[in-house]
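Reviewing the structure listed below.
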Amino acid sequence: FSDPASNLGLEDIIRKALMGNLEERQE
Amino acid sequence: RRLHLVCPMNTSPHVDPQKSGHEVWEEFAHSFTPAVREVVEFGKKIPGFRDLCQHDQVSLLKAGTFEVLVVRFASLFDVKDRTVTFLGGTKYSVDTLRAMGSSDLLNSMFDFSEKLTNLGLSEEEMSLFTAVVLVSADRSGIENVNSVEMLQETLIRALRGLITKNHPNESAIFTKLLLKLPDLRSLNNMHSEQLLAFKVH
C-alpha cells in the first residue's frame, strides 16, 4: 500500500482539478 | 457485525449493510472529493506552485492532501466536548466512535488538533503554514527536488517572518509549528494503515 492516494482515487481527482489550470499554462 | 467508516470526511460513520464494498467506497469518495478539490485550488494559489512541473504538483498533492485536510479540518475535533463533527453535520462522541471500532488515529487527531488550536494562529498564519505542509521537497516521487526545495524555503521564510511580526514575544511558536510537520507525517502514516485495513476488509 505504498501509494494510498492512488488507491483512494485521489490522483484522478487531483489531475482533473489541476487540468484546467495546466491547460491554461500550455496555451 | 455492522460496519462503520469512522472518518469525519464521510457524511456519517454508519455504513449501509445492504450496500456492496464498492458502493460504500463510491459514496465515501463522493463525500471527500469536494474537500480534495479545495486542497488543489489552495495549492494553485500558492505563489510559485504552478511554476513547478506538472508531475511534482501532482506528487505534492497526492502525498500532502491528507495532511492539509487535517490542518484545515482541525475544528471538526472538539477537544473540550470530545466530539467529532462529520461532514454530514452530526457530532459523535469519542466513546461512540470508539464503540464503532475507531483506532488510536482518532486520539492522535484530537491531540494534534488541540495543540494546533492552542497556538491561536490567525487565518493568514494558518494558510501559510498549510502551504508549508503541502510544499515538502522530501515527498516521494519528486522529480525536480531543487525547485520544490527553493519554494519550500521561501514559504518557511515567509512563515517565520509573519509569525515573528505577529508574535514578537512568542518566538517558540514558529518552532512549535515546524514540529507539527513530523506529527502530520505520523498521522498520515497511521491513516494509510487504516485505509489498508478498510480496503482489505
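Just so we're clear, the structure is a prediction, and the values are computed from it rather than from any experiment. All chains are named by letter (A, B, ...) in the order of the sequence lines, taking the proteins before the strands, and each is independently numbered beginning at 1.
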Can you confirm whether Arg37(B) sits close enough to Lys16(A) that some side-chain heavy atom of one is under 4.5 Å from a side-chain heavy atom of the other? no

Is any side-chain heavy atom of Leu10(A) less than 4.5 Å from a side-chain heavy atom of Phe66(B)?
-> no

Tell me, yes or no, whether the heavy-atom count around Met150(B) atom CE, taken from other residues, nucleotides or ligands under 6.0 Å, exceeds 12. no

When you look at NE2 of His55(B), are more than 12 heavy atoms from neighbouring residues, nucleotides or ligands closer to it than 6.0 Å?
-> yes

Which of Gln54(B), Glu41(B), Gln57(B) passes side-chain contact (heavy atoms from CB on, under 4.5 Å) with Leu18(A)? It is Gln57(B)

So OG1 of Thr33(B) and CD1 of Ile13(A): to nearest 0.5 Å the spacing works out to 3.5 Å

